[in-house]
Every structure is written in C-alpha cells, then in structure tokens.
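Just so you know, these numbers use all the heavy atoms, side chains as well, and skip hydrogens, waters and symmetry mates. Note on naming: letters A, B, ... go to the chains in the order of the sequence lines (proteins, then strands), and numbering restarts at 1 for each one.
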There are 2 protein chains.
Amino acid sequence: MQTTKPSSKMFLDIVEELKLMINAEGITVGDKLPSERVLAERLQVGRSTIREALRSLELLGLIETRRGEGTFLADFKKHQLVEVLSTFIMQQPNSAVDVKKTRVIHEKAAIEEICNDPVKRELPVWQSLIMIINDEGTVLREDIMREMIIATDNRLSLKIWFLLKQYSRVPYGEMTNENENGMLIALLENMISGHVVEAIVSYDRWIEVIEGEMNDDSRVV
Amino acid sequence: MQTTKPSSKMFLDIVEELKLMINAEGITVGDKLPSERVLAERLQVGRSTIREALRSLELLGLIETRRGEGTFLADFKKHQLVEVLSTFIMQQPNSAVDVKKTRVIHEKAAIEEICNDPVKRELPVWQSLIMIINDEGTVLREDIMREMIIATDNRLSLKIWFLLKQYSRVPYGEMTNENENGMLIALLENMISGHVVEAIVSYDRWIEVIEGEMNDDSRVV
DNA sequence: ATCGAAAAGTGGTCAGACCACTACTGTTTA
DNA sequence: TAAACAGTAGTGGTCTGACCACTTTTCGAT
C-alpha cells in the first residue's frame with residue numbers, strides 16, 4: 001500500500017494518499033470522502049494524523065466538513081488560493097504600491113478584453129450603468145469595475161481583484177460624484193464602441209480623480 | 001482573551017489567534033514560536049487542536065517545524081502549497097482556462113509596462129538574453145518571463161505569476177528551440193524599442209507556438 | 001576547562017473517551 | 001395508510017494522557 005516512502009511528515013504523506021485515493025476512486029466535486037475513522041483504519045494511522053491532513057486541506061478550501069454528515073470534496077469556487085495568498089503577502093513593505101499596481105493591471109485587462117470582444121461589448125449591463133448614472137446621478141464605484149471583471153468570465157481574476165480591492169486604499173466603497181460621472185460615461189461608451197485606447201485613458205483619468213480625492217481626505221485626517 | 005466568538009471550527013480560530021500573536025509579539029521570519037504545549041495552555045485548548053492549526057499553516061509553508069527543536073515562522077520560499085493545490089484545482093474544467101488567462105494578463109502587463117518605461121527598456125538584462133539566445137541557441141523559457149515581471153518591480157505580481165506559472169500547463173520549464181528563438185528576439189527587440197503593439201504580437205505568437213507544441217506532446221502520450 | 005551522559009524540552013503519533021450534530025430506522029399515533 | 005416521533009448509529013470536534021524520536025541544555029566526572 002505504502003507506495004511512497006514515509007517521510008518525517010506523516011500528515012504530508014496522508015495528503016498524498018488522499019489525492020491518490022480521490023483520483024483512484026473517481027471522487028469528484030461534492031462527493032463524500034470516507035469518514036475519518038475509516039481513513040485511519042484504511043491507511044493504518046491514528047485518527048488524529050488523518051485529521052491533521054484533513055484540516056490542512058480544509059484551510060485551503062479543498063475539502064468541506066460538516067459535523068454529523070461527513071467530509072466532502074469542495075467546489076473550486078470555495079478554494080482559498082487567493083485568501084491564502086493574501087495572508088502572507090499583503091503585510092510586506094511596499095505592498096501598498098504593489099497592490100494598487102496589480103489591481104490596475106486586472107482592471108485594465110478587463111477593459112481591454114471587453115473592448116476587443118463584440119459579445120461582451122454589447123452586454124446590457126453597460127447601458128444599464130449609463131442609465132443609472134444619468135438618471136440617479138450617482139452609482140457605487142466598485143459596482144462598475146466589478147461588472148467589468150465579471151464580464152471577462154474569469155473567476156480567478158475576479159477573486160484576485162476582489163481581494164486587492166479590499167486591501168487597496170482606493171475609495172471604491174463610495175458613490176460617484178458629479179465630477180467623475182462624465183469620465184465614467186466616457187469610459188463606458190468608449191468601451192462599448194471598442195475604442196481601447198480611449199477607454200483606458202478615461203479609466204486613468206477616473207482613477208486619478210478618485211485617488212486625488214482620497215488624498216485630500218487623508219490630509220484632513 | 002477570546003476576542004473572537006468561537007465558531008464551529010475551533011482550529012480556524014486558532015489560526016487567527018496565531019496570526020494575532022505573531023503580529024502582537026513581533027515574531028518575524030525565522031523566529032521560534034511557542035511550543036505546542038505552551039500554546040495549548042495559553043489558548044486554553046487541547047494540544048491536538050493546536051496541532052491541527054499548525055499543520056494547516058505548515059502545509060501552506062507559513063511555518064516550519066523541526067522535531068526536537070520547535071516551530072518557526074517560515075520564509076515562504078517553500079511553495080509546497082502549489083503542488084497540493086494544483087492537483088485539486090486542475091480537475092475543474094474551467095479553472096485551467098482561468099489560470100492561463102490570468103497568467104497572460106500579468107505577462108502582457110509586464111511587457112507593456114517595460115515598453116512604456118525608458119529606464120526599464122534599457123535594462124542590460126534584455127541584451128544579455130538576446131546574446132544568450134544568439135550564442136547558445138537556447139534559453140530557459142521561464143527565465144525570460146520572470147525577468148520581465150521582475151523588471152516591473154512588483155513583488156505581488158511576481159508572486160502571483162510564480163504561482164500561476166506552476167499551476168499552468170505551459171511548458172516554461174523547458175529550453176527554447178530553434179523555432180521560437182526568432183519570436184523571442186523579436187519580442188525582446190520590440191520591447192527594447194518601446195513598440196508595445198508589436199511586442200505583444202510577438203508574445204502572442206510565441207505563446208501560441210509553445211502551447212501548440214505542448215498539445216502535440218500530450219497527444220503522443 | 002573539557003567531555004560526556006543524563007535530563008529537559010519539543011514535535012510526531014496513537015488510543016480512547018466524550019460531546020454535538022445529522023441521518024437513518026423503526027415504532028407509535030392520528 | 002401516512003405522518004409524527006423517538007431512538008440509534010454514524011460523523012466530525014475536542015480533550016487527555018501516553019509513548020516515541022530527536023535536539024538542546026544541564027551538570028557532574030574527569
């Protein structure tokens with residue numbers, strides 16, 4: 001049974017065994033894994049060792065445990081890759097600048113992808129956003145960017161962006177004001193028209209404005 | 001002591017407590033953490049619960065344990081995290097696509113940033129790469145992209161890219177062959193000259209080629 | 001002062017015992 | 001017959017105490 005030589009870290013071997021078992025038995029997303037006691041019996045180790053391996057995988061979001069029910073292979077949507085990254089990446093010096101740059105990378109990439117894809121350009125959500133801005137005079141800032149990232153249909157990028165947004169000092173949680181609405185309309189319309197360069201320019205202007213505003217605020221504080 | 005309400009997942013609370021403790025006591029990379037028995041005493045939980053939390057952090061590469069010595073805050077150069085996650089994540093149909101798209105986003109962003117920054121364009125590393133390709137006829141694929149990301153001076157993007165690279169099926173771990181060297185030279189020279197569009201085109205061609213080659217390989221297998 | 005053996009400290013693992021919760025099963029009841 | 005109920009088996013969650021293997025420290029003999 002023991003195909004892999006036991007290392008000094010038994011629980012790591014268990015993780016490997018579990019991966020093999022999942023593949024061998026065709027366990028897929030949502031399926032139930034054998035119970036801890038069964039696994040301990042089958043792999044000939046103590047239950048606590050099994051638990052250490054399972055808890056590791058749970059922290060990564062690879063499995064999901066429900067008391068009284070069992071342990072289940074988790075859906076990718078629940079994978080904690082990004083969250084995990086954040087815990088040990090974010091609190092480094094210089095990270096504020098990096099976080100902003102990286103957030104912008106993802107936002108611009110979304111804008112460009114939409115501009116270059118007729119189908120995504122014609123999504124009704126853009127017209128809706130324009131109407132909301134015109135009718136109500138304001139909209140939640142982050143709603144706009146989020147819709148753009150969502151439109152790219154890239155869950156991973158969305159997750160990364162969401163996390164970066166939280167760590168950013170950018171005031172996305174606020175409503176837009178008169179000054180920026182024009183730029184946003186320009187951004188949206190350029191995007192709808194597929195004018196990449198102009199859309200990016202509008203975006204840059206908008207970011208510049210709301211970050212300038214943020215700096216004014218922080219000066220007061 | 002218990003500032004956070006106990007959830008149904010005690011070991012997750014312990015992970016949080018540990019993070020707080022690490023920050024509060026100024027424990028930095030390489031420092032020793034309190035022993036498992038001390039932690040159990042201090043947090044008023046069983047040692048097995050402490051261990052489940054520690055094992056989770058160990059699987060992430062956040063801590064390092066040495067039998068007989070203790071538990072230490074690790075430098076996260078250990079990305080065993082990736083090996084674990086990748087096998088689980090890659091089973092999901094769409095995630096592979098997302099990973100690739102996101103990796104490309106970061107790579108193109110790096111190319112564009114270098115193109116638009118005279119200082120970064122004139123870094124000696126690009127000439128070195130061109131010389132290596134010309135003289136030795138080959139170079140490690142990932143070296144090129146890594147140097148580009150490094151040049152952007154964005155550690156966060158570099159870390160994300162590094163992880164994505166390992167998740168990707170792109171054969172970056174191999175040496176370049178005759179076919180692609182021309183495209184790489186074109187990419188580098190366009191970049192040095194600041195020709196954004198042309199550089200991106202060269203990049204797209206290169207990626208297309210090495211991914212095509214990869215598909216051929218898998219067909220053989 | 002040096003060397004070496006004993007002791008203390010630490011992570012690694014196991015077994016067994018409860019607890020809290022869920023799901024199943026069989027009986028009772030309307 | 002069908003619904004409601006209670007009991008039971010199964011599951012994850014946690015704790016305790018006991019070893020083991022290993023490293024560091026301590027301290028006595030030389």
Side-chain angles (χ1 to χ4, degrees), chain A residues 1-2 4-18 21-22 25 27 30-75 78 80, chain B residues 1-2 4-18 21-22 25 27 29-75 78 80 84:
Chain A
M1 167 59 88
Q2 294 290 53
T4 59
K5 57 204 170 298
S7 62
S8 62
K9 308 288 183 183
M10 181 68 92
F11 89 97
L12 287 178
D13 297 335
I14 301 297
V15 170
E16 289 304 313
E17 294 285 349
L18 288 174
M21 182 181 298
I22 288 172
E25 304 191 4
I27 297 174
D31 288 355
K32 190 167 175 298
L33 271 59
S35 75
E36 296 178 351
R37 291 170 177 84
V38 170
L39 287 173
E41 173 75 16
R42 214 201 285 190
L43 300 181
Q44 285 294 292
V45 295
R47 191 181 156 212
S48 54
T49 304
I50 293 288
R51 280 186 62 81
E52 290 180 8
L54 288 177
R55 255 15 79 201
S56 303
L57 296 178
E58 181 173 7
L59 187 66
L60 294 182
L62 295 176
I63 61 173
E64 192 178 352
T65 56
R66 296 197 283 274
R67 169 186 279 182
E69 296 183 56
T71 306
F72 304 84
L73 196 58
D75 189 278
K78 296 175 182 164
Q80 304 286 310
Chain B
M1 167 58 89
Q2 293 290 54
T4 58
K5 56 208 169 298
S7 63
S8 63
K9 308 289 184 182
M10 180 68 91
F11 89 98
L12 287 179
D13 297 335
I14 300 298
V15 169
E16 288 304 313
E17 294 282 352
L18 287 174
M21 182 180 299
I22 287 171
E25 305 191 4
I27 298 174
V29 167
D31 288 355
K32 190 166 177 297
L33 271 61
S35 76
E36 295 178 352
R37 291 169 176 85
V38 170
L39 287 173
E41 172 77 14
R42 212 200 286 191
L43 300 181
Q44 286 292 292
V45 297
R47 190 181 155 213
S48 55
T49 304
I50 293 289
R51 279 187 62 83
E52 289 181 8
L54 287 178
R55 257 12 82 204
S56 303
L57 296 179
E58 182 174 5
L59 189 67
L60 299 187
L62 286 179
I63 62 174
E64 190 180 351
T65 56
R66 296 197 282 272
R67 170 186 280 183
E69 297 182 55
T71 306
F72 304 83
L73 194 57
D75 189 2
K78 340 277 177 186
Q80 70 231 76
V84 180

Participant: Could you list, one pair per line, each protein nitrogen or oxygen that sits under 3.5 Å from a nitrogen or oxygen of nucleotides 4-9 of chain C, together with the distance?
Facilitator:
residue: C:dG9; atom: N2; partner: B:Gly68; partner atom: O; Å: 3.2

Participant: Salt bridge (Lys or Arg N to Asp or Glu O under 4.0 Å) with A:Arg66: which residues, sequence neighbours excluded?
Facilitator: A:Glu64, A:Glu69

Participant: CD1/B:Ile50 to CD/B:Glu41 distance, rounded to the nearest 0.5 angstrom?
Facilitator: 10.5 Å

Participant: Between C:dT10 atom C1' and B:Glu58 atom CD, what is the distance in whole Å?
Facilitator: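 These atoms are roughly 14 Å apart.
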
Participant: Roughly, in whole Å, what's the span from CZ in B:Phe72 to C1' in D:dT24?
Facilitator: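 Result: 11 Å.
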
Participant: What integer distance in Å separates B:Leu39:CG from C:dT10:P?
Facilitator: 10 Å

Participant: Starting from P on C:dG12, measure out to CD on B:Glu64 and report it in whole angstrom.
Facilitator: 11 Å

Participant: In this structure, how many angstroms lie between the P atom of D:dT11 and the CG atom of A:Leu33, rounded?
Facilitator: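 Value for this atom pair: 12 Å.
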
Participant: Is the shortest side-chain N to carboxylate O distance from A:Glu58 to A:Arg55 below 4.0 Å?
Facilitator: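 Salt bridge present between A:Glu58 and A:Arg55.
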
Participant: When the distance from CD1 of B:Ile63 to P of C:dT10 is rounded to whole Å, what number comes out?
Facilitator: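 Taking atom P of C:dT10 as the reference, CD1 of B:Ile63 is at 15 Å.
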
Participant: Quick one: which protein N/O atoms are closer than 3.5 Å to N/O atoms of nucleotides 14-17 of chain C? Pair and distance per line, please.
Facilitator:
residue: C:dC14; atom: OP2; partner: A:Gly46; partner atom: N; Å: 2.8
residue: C:dC14; atom: OP2; partner: A:Thr49; partner atom: OG1; Å: 2.5
residue: C:dC14; atom: O5'; partner: A:Gly46; partner atom: N; Å: 3.4

Participant: Tell me: CD1 of B:Ile14 to P of D:dT14, nearest whole Å?
Facilitator: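 Nearest whole value for this atom pair: 9 Å.
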
Participant: I'd like to check the salt bridge (Lys or Arg N to Asp or Glu O under 4.0 Å) partners of B:Glu25; sequence neighbours left out, ordered by chain and number.
Facilitator: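 Residues passing salt bridge (Lys or Arg N to Asp or Glu O under 4.0 Å) with B:Glu25: B:Arg42.
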
Participant: Mind checking what makes side-chain hydrogen bond (donor to acceptor under 3.5 Å, both in side chains) contact with B:Ser48, not counting sequence neighbours?
Facilitator: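 Result, side-chain hydrogen bond (donor to acceptor under 3.5 Å, both in side chains) vs B:Ser48: none returned.
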
Participant: Give me the bend of the helix from C:dA1-D:dT30 to C:dA30-D:dT1, using the axes of the five pairs at each end, rounded to 10°.
Facilitator: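 The end-segment axes of the helix from C:dA1-D:dT30 to C:dA30-D:dT1 are tilted 20° relative to each other.
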
Participant: Between C1' on C:dT10 and CD on B:Glu41, what's the gap in Å once rounded to a whole number?
Facilitator: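 Those two atoms, CD and C1', are 16 Å apart.
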
Participant: Phosphate oxygens OP1/OP2 of D:dG13: is one of them under 4.0 Å from a side-chain N or O of A:Arg51?
Facilitator: yes

Participant: May I ask you to verify if any side-chain N or O of A:Thr65 is less than 4.0 angstrom from the OP1 or OP2 atom of D:dT11?
Facilitator: no

Participant: For a side-chain contact (heavy atoms from CB on, under 4.5 Å) check, start with the C-alpha distance between B:Asp13 and B:Leu43, then their side-chain angles and the critical distance, and finish with the verdict.
Facilitator: CA-CA 10 Å; B:Asp13 297 335; B:Leu43 300 181; over 6 Å; no

